Amino acid sequence: MENPIKPASTKWVGISVVLLVVGIVIGFAAGHYTVSAPSKPAINTFAAGSLKYALGNDFNPEFTNLTGVRVGMTFSGSISGAREVQEGKNYSVFISASAPILYQDLMNQTHYASWQIIFSANEMAITWVNSKYSIPSSYPYWFENITNNSAIVAASNASLDPSGFQAIETMKLAGVLYTGWNNDTVIKGSEPVSYYVKLAFNNNFTEYMNYNRAYNNWFHGKFGYPVNDSMALYHQIFISKYLNGTTKLTTVEIGLDGYLTAGTADYALTYVSQAINQGLDYYQNSTGANGLPTWINLGSVNKTVDDFYEQINESGPAWDNVGNLPGAPIFYSVTVINNYTNPYAIQYVYDLITGLGQHYLSMSKFDPLSQPFYVGNVPSQLKGLVVTPPSYLPVSSYD
């Protein structure tokens, strides 16, 4: 069955620059929700740090050029941003790198927002700048590079920034993928873990065993973890290496490149979009795609793969923990805070989730959804642009 909200990141390929600019301007003029107002106050907006380039450098200047409305931006971790709203910070538009975080912190049994629109996906990646730490595309056992005792790894703190707990989820999923061929435990849904692992390897036991053997030789043989310990990879990164000082946590993903360029970290666990925007190298496969497979990089919009994501949870150690919600795709979402005072906030959201926003998100290697979906009481001006959440997506992926 064709995916009704498949990412639209290739939508603009092949369109000439002239036609693109003309199309954006015509679309803006013809299809906008607009507000007649005697003045145009700046829109005070919070956005996840990973959107700094796509919005701050590209989308916002074009939006201002077309509307005359300035955009005042704050970029930081979505969790810390939600806390600012709860403490009274006056944001009109709020954009999160995790739809569940927006829902739990600003919508669920709170009065800060009454709806959200999920408009883009993203993927986790392993990044570096020093070629000494390069992971060749021909080398599939990437976990050895980042868990070596001498390797210094940087990630965001999960209690402040979604990319932190998404990195935790990715490491947990990889452990399950490389150890779970015979794991008949039913964790979530009706299928055992082994069902998903066999699908991921196309029922090729030999290929699975290549990974499983490497995983156990490394984590059991080198570090002494039990054989087929699915949590060994996660534990080595976020507990053992943190305690010995070779995993470093920062407050927001946009600062991770600083660790790499300063040489205080060898690898950073962050988004593909960050690698593209910050000029970082990242682990890729032989086709040039993300070397972390869809089954673990949290970039899927597919029922079966997303069901696999739910086999683990987001919880981390006490110093790096946000909760225990099930694993879920990386979904970016946007809302307008209930007590906002800017009449152009809805127009900003309109342009973000349609052609203008999709274009700049795609340029930054995000995966904008061709059909955004919503949760809650979405404003009438936006209803024609969105659909209800597809039934095959886990509810945990957006609330």
Side-chain angles (χ1 to χ4, degrees), residues 1 3-5 98-101 103-104 108 118 121 123-124 143 158 162 165-216 218-220 225-239 292-317 320-331 373 375 388-399:
M1 180 178 70
N3 182 355
I5 60 167
S98 168
I101 288 297
Y103 181 84
Q104 294 293 335
N108 188 29
I118 293 83
E123 299 176 7
M124 292 301 299
F143 45 81
F165 67 74
Q166 289 156 350
I168 288 173
E169 290 174 8
T170 291
M171 297 302 113
K172 287 183 178 181
L173 285 168
V176 173
L177 184 65
Y178 301 144
T179 65
W181 187 273
N182 294 314
N183 185 346
D184 291 328
T185 304
V186 178
I187 297 175
K188 194 80 174 177
S190 59
E191 302 293 349
V193 170
S194 58
Y195 168 82
Y196 302 103
V197 173
K198 291 173 182 177
L199 280 180
F201 284 98
N202 295 311
N203 286 305
N204 186 330
F205 181 70
T206 300
E207 182 181 359
Y208 163 80
M209 282 304 300
N210 289 336
Y211 283 88
N212 180 256
R213 191 176 297 110
Y215 186 94
N216 281 317
W218 186 254
F219 290 107
H220 174 66
Y225 288 97
V227 173
N228 284 337
D229 182 355
S230 67
M231 296 289 280
L233 172 52
Y234 152 77
H235 187 279
Q236 183 67 10
I237 290 288
F238 290 100
I239 299 178
L292 298 180
T294 300
W295 290 87
I296 66 176
N297 68 27
L298 303 178
S300 167
V301 186
N302 170 281
K303 174 176 171 49
T304 302
V305 179
D306 293 353
D307 283 347
F308 179 66
Y309 293 165
E310 288 197 292
Q311 304 307 303
I312 53 87
N313 61 42
E314 66 189 7
S315 63
D320 187 29
N321 189 43
V322 68
N324 61 358
L325 289 174
I330 300 168
F331 277 150
F373 60 94
V375 176
T388 56
S391 60
Y392 61 80
L393 282 179
V395 174
S396 60
S397 66
Y398 51 83
D399 71 11

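None of these values were measured; they are calculated from a predicted model.
When all heavy atoms of Tyr208 and Leu177 are compared, the pair lying nearest together is CE1-O, 3.6 Å. Contact detail for Val193 and Ile187: the closest heavy-atom pair is CG2-CD1, 3.7 Å. The nearest pair of heavy atoms linking Ser315 to Ile168 is O-CG2, 3.6 Å. Nearest heavy atoms, Met171 versus Phe238: CG-CE1, 3.8 Å. The shortest non-hydrogen separation linking Leu199 to Thr304 is CD1-CG2, 3.6 Å. Of all non-hydrogen atoms in Tyr392 and Lys303, the two that sit nearest each other are O-CG, 3.6 Å.
Between the side chain of His220 and the main chain of Tyr225, a donor-acceptor pair closer than 3.5 Å is present. Side-chain atoms of Tyr309 come within 3.5 Å of backbone N or O of Leu298 as a donor-acceptor pair. When atom types are taken as modelled, the side chain of Ser300 and the backbone of Asn302 share a donor-acceptor pair closer than 3.5 angstrom. In this structure a side-chain-to-backbone donor-acceptor pair under 3.5 Å is present from Gln311 to Asp307. Checked by atom type and distance alone, the side chain of Asn313 never pairs as donor or acceptor with a backbone atom of Leu325 at under 3.5 Å. Not one N or O on the side chain of Tyr215 forms a donor-acceptor pair closer than 3.5 Å with the backbone of Met209. Of the possible donor and acceptor atoms, one in the side chain of Asn297 sits under 3.5 Å from a partner among the backbone N and O of Leu292.
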Could you walk me through whether Val197 and Asn183 pass side chain to side chain contact (heavy atoms under 4.5 Å, CB included), step by step?
CA-CA 9 Å; Val197 173; Asn183 185 346; over 6 Å; no
Using the rule given for side chain to side chain contact (heavy atoms under 4.5 Å, CB included), can you reason through Trp181 versus Asn212, listing the C-alpha separation, both sets of side-chain angles and the distance that settles it, and then say yes or no?
CA-CA 9 Å; Trp181 187 273; Asn212 180 256; over 6 Å; no
Would you please test Tyr196 and Val305 for side chain to side chain contact (heavy atoms under 4.5 Å, CB included) and show each step?
CA-CA 8 Å; Tyr196 302 103; Val305 179; over 6 Å; no
Could you give me the CA-CA distance, side-chain angles and deciding distance for Tyr103 and Val375, then say whether side chain to side chain contact (heavy atoms under 4.5 Å, CB included) is met?
CA-CA 9 Å; Tyr103 181 84; Val375 176; 4.2 Å; yes
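For Phe143 and Tyr211, the gap between ring centers reaches or exceeds 6.0 Å.
Here Asn324 contributes atom CG and Glu314 contributes atom CD; the two are 7.0 Å apart, rounded to the nearest 0.5 Å. Separating the CD atom in Glu169 from the CD1 atom in Ile330 is a distance of 8.0 Å, to the nearest 0.5 Å. A distance of 12.0 Å separates CD in Glu123 from CD in Gln166, rounded to the nearest 0.5 Å. For the atom pair OH (Tyr178) and CZ (Arg213), the distance works out to 15.0 Å, reported to the nearest 0.5 Å. How far CG of Asp184 is from CD of Glu191: 11.0 Å, rounded to the nearest 0.5 Å. Rounding to the nearest 0.5 angstrom, the gap separating the CZ atom in Phe373 from the CG atom in Leu393 is 5.0 Å.
Looking at Tyr234 and Pro317, their side chains come closer than 4.5 Å, going by heavy atoms from C-beta outward.
In this pair, Trp295 and Phe308 present their aromatic rings perpendicular. The plane angle is above 60°, beyond the 30 to 60° band.
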